[in-house]
Amino acid sequence: MGLFDSIAGAALSKIAGADQGGMIHIAIEMFNQNGGLAGILYKLKQAGLAEVAASWVGHGENLSISADQVSSILGDIQLAKMAEKLGVSPEMLSAQIAQHLPGIVDKMTPNGEVSAESGSVLNAVLSMLKA
């Protein structure tokens, strides 16, 4: 995680509260480790979830993703490492990611497309906290 991400993540943790602060750090780390928004979307498409990913980017209702699908996409090792940092089980973390990932991607692509401005996980999380 870069210095800016660490500082911003710490600030967001204070805003969001301790219970959501760890999830913010994990969201930032997950995007950073997987090639950002484009990397996450690519992994979804490779896993046969192109329609799901497109629903998050496009306008309209976001299709859901299951915790099992999240686990499959991220892989057991990466998921276990992130879960350990949060002090939760990999199953609990994959369920949390499944719950929040569609909204984060949706907020990162407000114009219905992936653009240079779409890459800010921090802006997406802040936008979700304001809602």
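None of the values given here were measured: they were computed from a predicted structure.
- Between the NZ atom in K43 and the OG atom in S72 there is a gap of 10.0 Å [rounded to 0.5 Å].
- When all heavy atoms of A98 and A67 are compared, the closest pair comes out as CB-N, 3.8 Å.
- Residues M30 and N34 approach most closely at O-ND2, 2.7 Å, considering heavy atoms.
- Rounding to the nearest 0.5 Å places CD1 of I40 at 9.5 Å from CD of Q33.
- Connection of V70 to L86 is established within a shared hydrophobic cluster, with ILVMFWY side chains joined at heavy-atom distances below 4.5 Å, either directly or through further cluster members.
- Connection of I104 to M92 is established within a shared hydrophobic cluster, with ILVMFWY side chains joined at heavy-atom distances below 4.5 Å, either directly or through further cluster members.
- Looking at every heavy atom in both residues, M82 comes nearest to L93 through CB-CD2, 3.5 Å.
- The only member of L79, I73, D68, L74 that meets side chain to side chain contact (heavy atoms under 4.5 Å, CB included) when paired with S94 is L79.
- Side chain of Q78 to main chain of G75: no donor-acceptor pair is present (N/O by atom type, distance under 3.5 Å, no hydrogens or angles).
- Summarising the geometry, atom CH2 belonging to W56 is positioned 7.5 Å from atom CG belonging to L49; distances are rounded to the nearest 0.5 Å.
- Atoms OG1 and CG, from T109 and L41 in turn, are 8.0 Å apart once rounded to the nearest 0.5 Å.
- Under a hydrophobic-cluster definition in which Ile, Leu, Val, Met, Phe, Trp and Tyr are linked whenever side-chain heavy atoms come within less than 4.5 Å, directly or via other members, F31 and Y42 are assigned to different clusters.
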task = Start with the C-alpha gap between V105 and L44, add the side-chain angles, then the distance that decides, and say whether side chain to side chain contact (heavy atoms under 4.5 Å, CB included) holds.
result = CA-CA 12 Å; V105 173; L44 287 161; 5.8 Å; no
